[in-house]
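What follows is a single structure, written as C-alpha cells, with notes after it.
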Amino acid sequence: MLIVLLTLALASACGGGSGSSSGGTSSAGTAAPTSISRPFGGAGSLIITKPTGIVEYSVSDGKERPLITPDNASTFLLDPALSPDAKRLTYIVQPPPTVENNKYDAGSDVWVSDRDGGNARVVYAHAQPNQLVRFPQWEDAGHILAVVQEIVTSSGPTKVVYTLERIDATTGDRTKVLEDVLAFTISPDGKRITYAKLAPQTGETLAAADIAGGNEKTLIGFEQDLSPFNSPRYSPDGTKIAIASADQTGARAAFEYVTIDRATAAQVKSVDRAAALDGLPEDIWTIDAVGSTPIRVADLKEDLPALTWSGDGKHIYVVGAAGLYDVVIASGAANRIGEGAFHGQVTWAP
C-alpha cells in the first residue's frame, strides 16, 4: 500500500491554489451538449503550471506574469484548462499531504476561477484519502470532465482505478462517464473524446469514443510501439490529435534521459545515474482524428512534455523539463522560446 500511495503522490506533485473548501457528491449525470463554441485565433497567451504557481506567458512578446499563486509553498497547481467562452479556468489544487487518524492523504481537488485568476473557488474536494482528480477539461459552460484516481482494495490485490467523471461546475455533483481513462481530450464540437486507455498488465492504447457512450475505436494500438500517451489534444478544427509519446521500437539511436543535465551525465557512472532517471524521452506526434499512422512532428526527447495547440491550429506549444517550445506545423521547426517546467502543464488562451 505504501508504494501505491507514494506513486500517487509523486505522479501528482506538480500543482495547487488557495481559498476555502467544499465537498461534492455523486448524482445523476447531465446529457452532453450537441455543440459548443471554443475560442480560435492567433498569438494569444500560454497558461503554464510551474512550482511557483500558474503563470501566463505572452506568445507575442515572451513576457511572463504570475496568474494564480498558492498561499502555501507546499501546495501545488496542476492542469489548467480554459472554458469554451474563454472566461474561466479550471485547475487542480493539491494541498500538502496530511495524516489524520493514522490515514495518509495526498488527494487533490478541482477549482474554478475567472480567466484572470480572480474569484477562485473549489468545485469538488476529494471525498476520500488519496483520491486524486486530474486533467480537468470543460465539456460545456456548466460541466467539467476529469479523471478520478482511487485506490481500491477488495478480496484481490490493491489497485488504482482510473475513471472519467463529469463534475457539475456549480454544485460539484459528479457521475461516471468511462472507466480506464488515464488522460483525454474533448473534440471541439463536444461530442467525442480521445483518451489514453489503460490496458491492465499490457500498458495503454490511444482510443476514441462518443462522450454519450459507444462508437469506441482504437487509434493507436500496441503494435505501433508508442507509449505512454501524454497530453492528447484535438486541433482547433477537430481533424488532428497531437500527443506526447515515446518511440519504443528500439530502432532509434541511444538516448539520454532528460531529467539529468547532459553535461553532467557524461561524467557520471551509469550505476550512479540510475537514481536520477525519470521517464522515457518523449516526442510530439500527430494523427488524424479518425485514425492514421502517427507522424513525429517534433523530435524533442523531453521529460513528460505537455502540449497545446494555438487557436489558429498553426502551432503546437510544448512545455517540458528542458524548455518551452513553439512547434511550427507548416515547417516542422521546433523553436525553444522559454524556460521549461518540470512536469508542468500548458493550455493556450486568447
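Predicted model, so just to flag it, every value in this text is computed and none were measured.
A donor-acceptor pair under 3.5 Å is formed between the side chain of Q248 and the backbone N or O of S227. Counting only distance, with no hydrogens or angles, the side chain of S310 and the backbone of H315 share a donor-acceptor pair below 3.5 Å. Panel note: side chain T90, backbone W111; a donor-acceptor pair is recorded below 3.5 Å. The backbone N or O of A43 lies less than 3.5 Å from a partner atom in the side chain of W348, making a donor-acceptor pair. Within the 3.5 Å criterion, the main-chain N or O of V290 finds no donor-acceptor partner in the side chain of D288. Under the 3.5 Å distance criterion, the side-chain polar atoms of Q94 are matched with a main-chain donor or acceptor of A106. Checked by atom type and distance alone, the side chain of D210 never pairs as donor or acceptor with a backbone atom of A212 at under 3.5 Å.
For residues 315-338, every residue pair satisfying the salt bridge (charged side-chain N to carboxylate O under 4.0 Å, His left out) rule, not counting sequence neighbours, is listed here: R336-E339. Listed by first and then second residue, the salt bridge (charged side-chain N to carboxylate O under 4.0 Å, His left out) pairs that reach into residues 220-230 come to none, sequence neighbours excluded. Pairs of residues two or more places apart, or lying in two chains, never qualify as ring-ring contact (aromatic ring centres under 6.0 Å, His included) while including a residue from residues 220-242.
E204 and K197 are not joined by a salt bridge, as no carboxylate oxygen comes within less than 4.0 angstrom of a charged side-chain nitrogen. Salt-bridge annotation for E64 and K50: present, with a side-chain N of the basic residue lying under 4.0 Å from a carboxylate O of the acidic one. A salt bridge does not link R88 with D114: none of the charged nitrogens is closer than 4.0 Å to a carboxylate oxygen. Ionic pairing of K191 and E139 is not present here: no N-O contact between side-chain nitrogen and carboxylate oxygen is shorter than 4.0 angstrom. We find that K103 and D105 are not joined by a salt bridge, their nearest charged nitrogen and carboxylate oxygen being 4.0 Å or further apart. For the pair R174 and D168, the salt-bridge criterion is not met [side-chain N within less than 4.0 Å of a carboxylate O].
Hydrophobic clustering, with ILVMFWY side chains joined whenever heavy atoms are under 4.5 angstrom apart, groups W309 together with Y325.
Side-chain contact of Q345 with T49: a donor-acceptor pair under 3.5 Å is present, judged by distance alone. Judged by distance alone, the side chains of S45 and E56 do bring a donor and an acceptor atom under 3.5 Å apart.
Distance check, rounded to the nearest 0.5 Å: CD1 of I316 to CZ of R233 gives 11.5 Å. Considering CH2 of W138 and NE2 of H143, their distance stands at 10.5 Å, rounded to 0.5 Å. In this structure, CG on L219 lies 8.5 Å from OG1 on T205, to the nearest 0.5 angstrom.
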- Task: Assess whether side chain to side chain contact (heavy atoms under 4.5 Å, CB included) is satisfied between V112 and L89, documenting all intermediate values.
- Result: CA-CA 6 Å; V112 168; L89 287 172; over 6 Å; no

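Screening I54, L67, D79 against Y91 for a side-chain contact (heavy atoms from CB on, under 4.5 Å) leaves a single residue, I54.
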